[in-house]
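The next block holds one structure in the form of structure tokens; read it before the comments.
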Amino acid sequence: MMNVYFDNAATTAMSPAALDAMIPALQETYANASSLHTVGQLAKEKLEQARADIAACLGAQPAEIIFTSGGSEADNQAIVSAARWGAKRKKKHIVSTAFEHHAVLHTLQKLEKEGFEVTYLDVHEDGMVRPDELEAAIRPDTCLVTVMYANNEIGSIQPIAEIGAICKEKKVYFHTDAVQAVGHLDINVKEQNIDMLSLSAHKFHGPKGVGCLYARCGIILSNIIEGGAQERGKRAGTENIPAIIGMAAALKDVLAKREENEAKVSAMRDRLIEGISVIPHSRLNGHPTKRLPGNVSFCFEGIEGESLLLLLDMKGIAASSGSACTSGSLDPSHVLLAIGLPHEVAHGSLRLTLSEYNTMEEVEYVIKELPGIVEYLRNMSPVWEKLEKGEQEHVI
């Protein structure tokens, strides 16, 4: 049996570059960067170098980077900041999409209870925002557009530069949750007119529990965490310098190899899609080509995704049915419902996400094992029996 890790959208393995950077930081750069003594100021230098490195990777300025605990905190701070700014100007309308990460959706729902109005754009069957529909949704009282860069479940990559251009013309703040995109796609916040961007280190082979918010100079940020003057007073708490150093090292390393990695991972993705597509009554979710290099999302009619994951795990294959953040929920994925799938089909979902650490041999192993598992589950399913007898119509 082969051991295969195909859940890289949930988290990635730490890269040697990140580990090599973090170990000496843990051993030597242990002082508080807010301290005035020599070792404290050495820690401050390392902190600011990491900030400059990450800014350069994004096409930003160092002063535009605020370190956070990860993408969820960055999403919260960006959205709440734009909302507070808008409320002072009687602009309490926000435009987003129906398939955002829950860090965005739950923050928007909280704001709705405070009197904000949110327009949730349709993402259509291919999981794509239509720029003309977004432009039409912007109103004089719109304070923010927040659209994820690439979807964490189905991998669809949004037309971010077009959206950014529209928002700039309309003079509306544009935030993007780029947690799944950073390190895997070519991003330049200035060229794409992105006002705020969220990222998380553990999605590109960095450590967990650290990320950052890019906020364009001139944007007034509201604090989510109060207490100290760290991060220019915008995020209290002693900085986790070893993790920040590891994040910067991981991002620099992955971007240095981005084109090579994209070619390798895309080839494995395409082979996996080809191999899985032969399974009867299966459906690829998301855009067929405008998708993340490592994302493969399928639905299989007549089975439950949880059973599929357990049987794959028994074969040594680590996968998911959607976002790891909601894996304990019995409800079908809100992302799959947003692209128009009925509940009974959305329940039979499988997300396989690859990285450059995977191999084509692992892909072939999954292609070999998956059809038999699907057939086994269908043979036990009363729903599948009704479908095969014609008592119910196939949806896929």
Side-chain angles (χ1 to χ4, degrees), residues 6-12 57-59 70-72 74-75 78 96-105 121 123-131 134 145-164 174-189 191-194 196-206 211-214 251 254-255 258-259 261-262 265-266 268-270 272-273 284-298 320 322-326 333-336 338-339 349 351-356:
F6 273 7
D7 199 17
N8 287 279
T11 198
T12 56
C57 290
L58 298 175
S72 293
D75 284 340
S96 189
T97 78
F99 77 159
E100 297 293 312
H101 189 277
H102 281 117
V104 170
L105 291 177
L121 296 171
V123 291
H124 303 275
E125 187 178 359
D126 58 3
M128 299 292 291
V129 171
R130 305 297 191 258
L134 182 142
V145 169
T146 177
V147 175
M148 68 193 331
Y149 204 115
N151 187 265
N152 53 306
E153 292 191 30
I154 62 174
S156 297
I157 301 170
Q158 303 307 313
I160 294 298
E162 293 179 62
I163 295 171
F174 174 40
H175 164 255
T176 184
D177 175 345
V179 166
Q180 293 292 333
V182 170
H184 309 290
L185 302 174
D186 188 21
I187 297 173
N188 186 297
V189 292
E191 293 177 359
Q192 295 170 299
N193 293 303
I194 297 169
M196 293 182 283
L197 176 147
S198 309
L199 65 83
S200 190
H202 74 108
K203 305 297 187 177
F204 49 81
H205 306 296
C212 75
L213 170 65
Y214 153 77
L251 185 55
V254 76
L255 289 180
R258 192 187 69 79
E259 292 185 3
N261 289 343
E262 183 178 0
V265 177
S266 295
M268 292 190 290
R269 175 201 66 193
D270 293 345
L272 194 54
I273 291 172
L284 176 68
N285 302 314
H287 197 281
T289 57
K290 295 176 184 176
R291 62 189 306 122
L292 288 167
N295 180 284
V296 176
S297 173
F298 269 84
S320 70
S323 173
C325 303
T326 56
S333 160
H334 73 286
V335 173
L336 299 180
I339 62 173
S349 64
R351 183 184 70 175
L352 302 165
T353 45
L354 299 76
S355 82
E356 64 273 25

Closest contact, heavy atoms only, [X] versus [Y]:
X: P159; Y: M128; answer: CD-CE, 4.2 Å
X: A150; Y: A181; answer: CB-CB, 4.4 Å
X: E262; Y: P293; answer: CG-CG, 3.9 Å
X: D75; Y: S198; answer: OD1-OG, 2.7 Å
X: L284; Y: S297; answer: CD1-O, 3.3 Å
X: G286; Y: R291; answer: C-NH1, 3.7 Å

Is any side-chain heavy atom of [X] less than 4.5 Å from a side-chain heavy atom of [Y]?
X: V123; Y: Q158; result: no
X: L185; Y: L292; result: yes
X: F99; Y: M148; result: yes
X: S320; Y: E153; result: no
X: I273; Y: F298; result: yes
X: N261; Y: R258; result: no
X: F6; Y: T353; result: no
X: L197; Y: L213; result: no

Any donor-acceptor N/O pair, R130 side chain to L121 backbone, under 3.5 Å: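 Looks like no, no N/O pair under 3.5 Å.
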Check: H101 side chain, A103 main-chain N or O, donor-acceptor pair, under 3.5 Å: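 Yes; at least one donor-acceptor contact below 3.5 Å.
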I need the [X] [atom1] to [Y] [atom2] distance, nearest 0.5 Å.
X: H287; Y: S156; atom1: NE2; atom2: OG; value: 7.5 Å
X: I154; Y: N295; atom1: CD1; atom2: CG; value: 8.0 Å
X: L134; Y: I163; atom1: CG; atom2: CD1; value: 5.5 Å
X: T11; Y: H202; atom1: OG1; atom2: NE2; value: 5.0 Å
X: I339; Y: H334; atom1: CD1; atom2: NE2; value: 11.0 Å
X: S355; Y: D7; atom1: OG; atom2: CG; value: 11.0 Å

Of all pairs that satisfy side chain to side chain donor-acceptor pair (under 3.5 Å), the ones with a partner from residues 176-187, not counting sequence neighbours: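 Every candidate side chain to side chain donor-acceptor pair (under 3.5 Å) pair involving residues 176-187 fails, so no pair, neighbours aside, qualifies.
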Between T146 and E100: side-chain donor-acceptor atoms closer than 3.5 Å: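 Result is no, nothing qualifies.
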Check against side-chain contact (heavy atoms from CB on, under 4.5 Å), Y214 and L199: CA-CA 8 Å; Y214 153 77; L199 65 83; over 6 Å; no
side-chain contact (heavy atoms from CB on, under 4.5 Å) assessment of T12 paired with F204: CA-CA 6 Å; T12 56; F204 49 81; 5.7 Å; no
Trace of the side-chain contact (heavy atoms from CB on, under 4.5 Å) decision for K203 with V182: CA-CA 8 Å; K203 305 297 187 177; V182 170; over 6 Å; no
